[in-house]
Amino acid sequence: MTAARLTQLTDLTGPATRPAYDPQAHGAGIVHLGIGAFHRAHQAAMTDDALAAEGGDWRIIGVSLRSKEIAENLNAQNGLYTLIERGASGTSARVIAAIDHVIAADAEATLAALCEPAIRIVTLTVTEKGYGIDHASRLPDQTNPVIAADLAAPDTPQGVLGLLVAAIRRRRADGSVPLTFLSCDNLPENGAFLRDGVVGFARALQDDALADWIAATIAFPSSMVDRITPASTDATLAEARHQTGCTDLAAIETEPFTQWVIEDHFPSGRPNWEAGGALFAADVTPYERMKLTMLNGSHSMLAYAGFLSGRSFVRDVMTDPDLSALVKRHLGAAAGLLSPLPGVDFDDYAAALADRFANPAIAHETFQIATDGTQKLTQRIFQPALSAMEAGQDLRPFAFATAMWMRFCIGHLDDGTEYALRDPRADEVMAMIRQTEQTAPALSEGFHKLAHLIPDALAGNPLWRGHIEDVLSVALADGCHAAIRQEALRTMQQ
Ligand code: CS2
């Protein structure tokens, strides 16, 4: 029998925890761009805690930039959804009421929401590629078709930067409170990254006065976000039905761990996110670096190596002794490059990460993490490799991760099974591979020549190149299992 759809808190019959506040008593104060699973497991949950602890008009208007499905599912449920936490000690669930409504792939309605005077904060999880900002220069990427279109027609923007700048212009003209922009993507100095992109967009519009005003007036705090959140499956929806007694098509599942470190710079106010466990810090950079290089760096490495050796989920990687030894080696190498962070023990952090990756209740696909390598590897692998080079430390763990990514880009497993390369630069990468002799030195050279990707200082380092060719040649000649085995043995002998 199908259960009735979740639409009101009074519909709930299962054990899930209910929100400790009346959602209707609170207006919206935040627009969130990119309302995927991560936002719903992380920021929306902490906003729910803040609403329960302190009230305020801080509910969230979500924007789904591309998919209509999530907007339809959430709107049909008045924004309510079940957040399931799966950990070693069992499963629990809560119903989140922080989302007011969701705008589906509608730029005009999004701009209107951004201009509502009650909105004070815009938060973003649009992925590394979603900003249209060149990662090296931090300026708008004018070769990106959405950026180019928005620069040509700035009053009817479709993309992230165009929408933000149009909203700033209108609000400034209307005398509304300035917005605070809070990026929650896995990018280094994400606040400064977004600020440079937004200011650069205003300059590209030849509006220097606006660009100067934004730089002087608007707050772009940086933040480090962390919660491992796989895509929902049928098992998620079945658990939500058990937990709520209702059909919930927007349910998601996540791990018990959650972390949010934010720079406290919100001139127009903010929710009491501390109530959900957020930590406010004067400088988020050391936390970001720790998370990007340790968690995300080892995640990317294990995603490529794991997927290539037939491990579909991160938890399966961690039960393989060779791969889990390589994860631990990577965590140690990344930790060895960090400056001390008061109150944080990097060995404890590494051990906690290994436990989180091993969580048997979370089915996090290696293929999902393997997407968008060209957008992720700079901050996760290449920058730490550069630091290791400068510090005279071992380059091998970072070279191994890079070689596994190169092998992954070839697009088939050792047994010939093909898969799609999901990456904004996929066409360019695949064309390079097709035109290259299929040997480790030739392929490595091709990857190192891709523009704006692997830093020149690494490309010109014979030690780095030697490590990459070594791993890649074994993977090509003897298969990925052999390359992983060789690497694990090497690690154990050290
Ligand atoms: C992952 C991240 O998909 C990926 O690239 O590394 O999404 C990771 O799960 C989160 O950053 C954890 O907070």
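The basis for the numbers below is simple: all heavy atoms, side chains too, and nothing from hydrogens, waters or symmetry mates. Bear in mind that the values here come from a model prediction, so they are computed numbers and not experimental data. One-based numbering along the sequence shown. Numbering of ligands and ligand atoms starts at 1, following listing order.
The existence of a salt bridge linking Glu85 and Arg227 is confirmed by a sub-4.0 Å separation between a basic side-chain nitrogen and an acidic carboxylate oxygen. Looking at Arg356 and Asp226, a side-chain N of the basic residue comes within less than 4.0 Å of a carboxylate O on the acidic one, giving a salt bridge. Using a 4.0 Å cut-off between charged side-chain N and carboxylate O, Asp320 and Arg311 make a salt bridge. Between Asp48 and Arg40, no side-chain nitrogen of the basic residue sits less than 4.0 Å from a carboxylate oxygen of the acidic one, so the salt-bridge criterion is not met.
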For a distance cut-off of 3.5 Å, show me each N or O of ligand 1 paired with any protein N or O, plus the separation.
from	atom 1	to	atom 2	distance (Å)
ligand 1	5 (O)	Lys376	NZ	2.8
ligand 1	5 (O)	Arg380	NH1	3.0
ligand 1	5 (O)	Arg380	NH2	3.0
ligand 1	6 (O)	Asn296	ND2	3.1
ligand 1	6 (O)	His299	ND1	2.8
ligand 1	6 (O)	Arg380	NH1	3.2
ligand 1	11 (O)	Asn186	ND2	2.9
ligand 1	11 (O)	Lys291	NZ	2.6
ligand 1	11 (O)	Asn296	ND2	3.1
ligand 1	13 (O)	Asp226	OD1	2.6
ligand 1	13 (O)	Arg227	N	3.0
ligand 1	13 (O)	Lys291	NZ	3.3

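Take Arg380 and apply the salt bridge (charged side-chain N to carboxylate O under 4.0 Å, His left out) test, not counting sequence neighbours, and it matches Glu128.
With ring centers used as reference points, His299 lies under 6.0 Å from His364.
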